[in-house]
Amino acid sequence: MDAVLVTAAIFGLLLCGCSVSGVEGIGVNYGMIGNNLPSPDKVIALYRASNITDIRLFHPDTTVLAALRGSGLGVVLGTLNEDLARLATDASFAASWVQSYVQPFAGAVSFRYINAGNEVIPGDEAASVLPAMRNLQSALRAAGLGVPVTTVVATSVLGSSYPPSQGAFSEAALPTVAPIVSFLASSGTPLLVNVYPYFAYSADPSSVRLDYALLSPSTSAAVTDGGVTYTNMFDAILDAVYAALEKAGGQGLEVVVSETGWPSGGGGAGASVENAAAYSNNLVRHVGRGTPRRPGKAVETYIFAMFNENQKPEGVEQNFGLFHPDMSAVYHVDFSA
């Protein structure tokens with residue numbers, strides 16, 4: 001879809017007041033590390049015109065939140081990692097954060113989750129995550145808001161991931177993750193996990209089958225684990241996380257895939273428009289089926305990212321977008337599939 005058609009689609013959507021009608025539980029991350037991106041109101045209109053039902057924001061931005069009023073999009077709202085320490089130690093700061101970024105918009109914006117921190121476990125900020133989650137939850141409840149609070153981890157929290165049934169948190173991550181798992185289990189809130197088959201493939205393309213990484217099922221690329229067959233890496237990674245959660249006392253805890261995607265360029269192994277289109281469209285068609293460990297249980301999933309971002313590190317990092325900054329499509333994803 002070129003920029004002219006996108007603009008026409010947006011105008012048509014705004015004029016008719018149409019509701020979002022894409023696949024429920026499939027969202028897209030709205031990254032903003034670029035100096036040439038469209039204004040938030042145009043971006044939110046593009047989400048709706050593309051039949052995308054959910055959005056993830058990496059940090060609070062009142063202009064974006066204002067543009068989301070009445071949009072019907074489900075919103076995952078993150079905190080800045082640099083705010084974690086203060087959110088953890090200062091309950092009044094957590095209350096102020098909620099009063100600034102959640103309370104004024106709660107009536108017109110559908111918040112799905114607040115995530116305290118992104119990929120800081122294990123690491124120097126890890127100890128702040130759970131106290132920050134607790135302070136944010138208390139502040140939300142004090143404001144009469146029932147938005148669930150969670151955090152986002154990378155799959156680097158796993159010390160073992162193969163075969164999937166042997167998934168377990170690493171010794172470095174477990175002391176932090178285990179109490180977070182208990183906290184989430186007590187409220188029935190999912191853990192958010194960033195899952196990237198691309199990076200596993202690009203690190204060792206001679207050993208990892210491309211069709212296995214692209215969710216293009218092939219019996220020649222299948223992995224068998226105790227009688228269970230995995231035809232794609234996405235399911236294998238996700239089930240390794242489920243196995244780790246069960247070992248940490250999180251039986252039944254759900255996982256939301258807060259980021260996944262495939263670069264359309266940038267020079268990395270397998271980074272092409274064709275492969276990115278295959279991965280994203282296969283993903284949209286697949287996640288409603290669940291995984292071998294959780295068959296039939298749809299996986300709420302967020303594709304990274306809405307735009308190519310020119311201020312990210314050069315290479316593949318600048319090429320994960322579904323759209324160019326002029327709002328023309330890098331490739332088409334059928335969100336109504």
Side-chain angles (χ1 to χ4, degrees), residues 1 22-29 50-52 155 158 161-165 167 193-242 255-306 308 315-317 319-323 329-337:
M1 189 184 295
V23 179
E24 291 298 328
I26 298 287
V28 178
N29 290 260
S50 304
N51 289 320
I52 301 167
T155 51
L158 297 175
S161 61
Y162 184 85
S165 61
V193 183
N194 295 340
V195 175
Y196 281 101
Y198 171 73
F199 290 116
Y201 169 79
S202 64
D204 192 6
S206 63
S207 299
V208 179
R209 286 286 299 264
L210 180 61
D211 50 357
Y212 186 67
L214 287 174
L215 287 95
S216 299
S218 166
T219 54
S220 62
V223 170
T224 301
D225 177 16
V228 176
T229 299
Y230 288 88
T231 59
N232 67 80
M233 187 184 290
F234 180 88
D235 283 355
I237 295 171
L238 200 51
D239 274 0
V241 175
Y242 281 130
V255 169
V256 168
V257 176
S258 39
E259 290 178 35
T260 190
W262 196 282
S264 61
S272 69
V273 171
E274 180 184 16
N275 287 342
Y279 182 81
S280 294
N281 282 285
N282 287 342
L283 180 82
V284 171
R285 288 190 292 264
H286 175 75
V287 293
R289 306 171 193 168
T291 70
R293 202 174 188 93
R294 304 279 179 94
K297 181 66 177 176
V299 182
E300 184 178 343
T301 301
Y302 294 78
I303 296 173
F304 183 86
M306 195 65 170
N308 286 338
V316 297
E317 292 289 341
N319 290 276
F320 273 88
L322 304 182
F323 293 91
V330 177
Y331 56 90
H332 176 67
V333 179
D334 183 5
F335 284 99
S336 63

Practice prompt. State which residue, out of R289, R293, H286, fulfils the side chain to side chain contact (heavy atoms under 4.5 Å, CB included) condition with D235.
Written response: H286
Fill in: P163 side chain reached by V223 side chain, heavy atoms, under 4.5 Å
no
Discussion item. Can you tell me how the ring of F304 sits relative to the ring of Y196, calling it parallel under 30°, perpendicular over 60° and tilted otherwise?
Written reply: perpendicular
Worksheet item: Which is it for Y302 and V256 under the side chain to side chain contact (heavy atoms under 4.5 Å, CB included) test, yes or no, and what are the steps along the way?
Response: CA-CA 8 Å; Y302 294 78; V256 168; 3.8 Å; yes
Worksheet item: For F335 and L322, what are the C-alpha separation, side-chain angles and deciding distance, and is it a side chain to side chain contact (heavy atoms under 4.5 Å, CB included)?
Response: CA-CA 12 Å; F335 284 99; L322 304 182; 3.9 Å; yes
Worksheet entry | Nearest heavy atoms of V330 and S264, plus distance in Å | CG1-OG, 3.5 Å
Worksheet entry | Flag, side chain of N29 to backbone of S258, donor-acceptor distance under 3.5 Å | yes
Fill in: Minimum heavy-atom distance between S336 and N51, given as atom pair plus value
CB-ND2, 4.3 Å
Item to complete: Check the side chains of S280 and N282 for a donor-acceptor pair under 3.5 angstrom, ignoring hydrogens and angles.
Response: no
Practice prompt. Without swapping roles, check the side chain of Y198 against the backbone of T260 for a donor-acceptor pair under 3.5 Å.
Written response: no
Practice prompt. Please report the C-alpha distance between I303 and V284 in whole Å, then the side-chain angles of each, then the deciding distance to 0.1 Å, and finally whether the side chain to side chain contact (heavy atoms under 4.5 Å, CB included) criterion is met.
Written response: CA-CA 9 Å; I303 296 173; V284 171; 4.2 Å; yes
Worksheet item: Just how far is it from atom CG of L214 to atom CZ of F234, taken to the nearest 0.5 Å?
Response: 13.5 Å
Worksheet item: Okay, side chain of N281, backbone of D334: is any donor-acceptor separation there less than 3.5 Å?
Response: yes
Item to complete: Quick one: closest heavy-atom pair of P292 and V228, and the distance?
Response: CB-CG1, 3.3 Å
Worksheet item: Rounded to the nearest 0.5 Å, how far does CG of D211 lie from CG of N232?
Response: 10.5 Å
Worksheet entry | Over all atoms of both residues, closest heavy-atom pair of G321 and Y331 | O-CE2, 4.0 Å
Worksheet entry | Approximate separation, where rounding is to 0.5 Å, of I237 CD1 and L158 CG | 9.0 Å
Item to complete: Please report the C-alpha distance between V255 and R294 in whole Å, then the side-chain angles of each, then the deciding distance to 0.1 Å, and finally whether the side chain to side chain contact (heavy atoms under 4.5 Å, CB included) criterion is met.
Response: CA-CA 11 Å; V255 169; R294 304 279 179 94; over 6 Å; no
Discussion item. Looking at every non-hydrogen atom in both residues, tell me the closest pair between A271 and G265 and how far apart they are.
Written reply: CB-O, 3.6 Å
Worksheet entry | Rounded distance (nearest 0.5 Å) linking atom OH of Y230 with atom OH of Y162 | 11.0 Å
Worksheet item: Just by distance, with hydrogens left out, do Y242 and T291 show a side-chain donor and acceptor under 3.5 Å apart?
Response: no
Worksheet item: Ignoring hydrogens and geometry, is there a side-chain-to-backbone donor-acceptor pair from N319 to P263 under 3.5 Å?
Response: no
Worksheet entry | Backbone N/O of G270 and side chain of W262: donor-acceptor pair under 3.5 Å | yes
Discussion item. Please find the pair of heavy atoms, one from A240 and one from S161, that lie closest to each other, and give the distance.
Written reply: CB-O, 3.6 Å
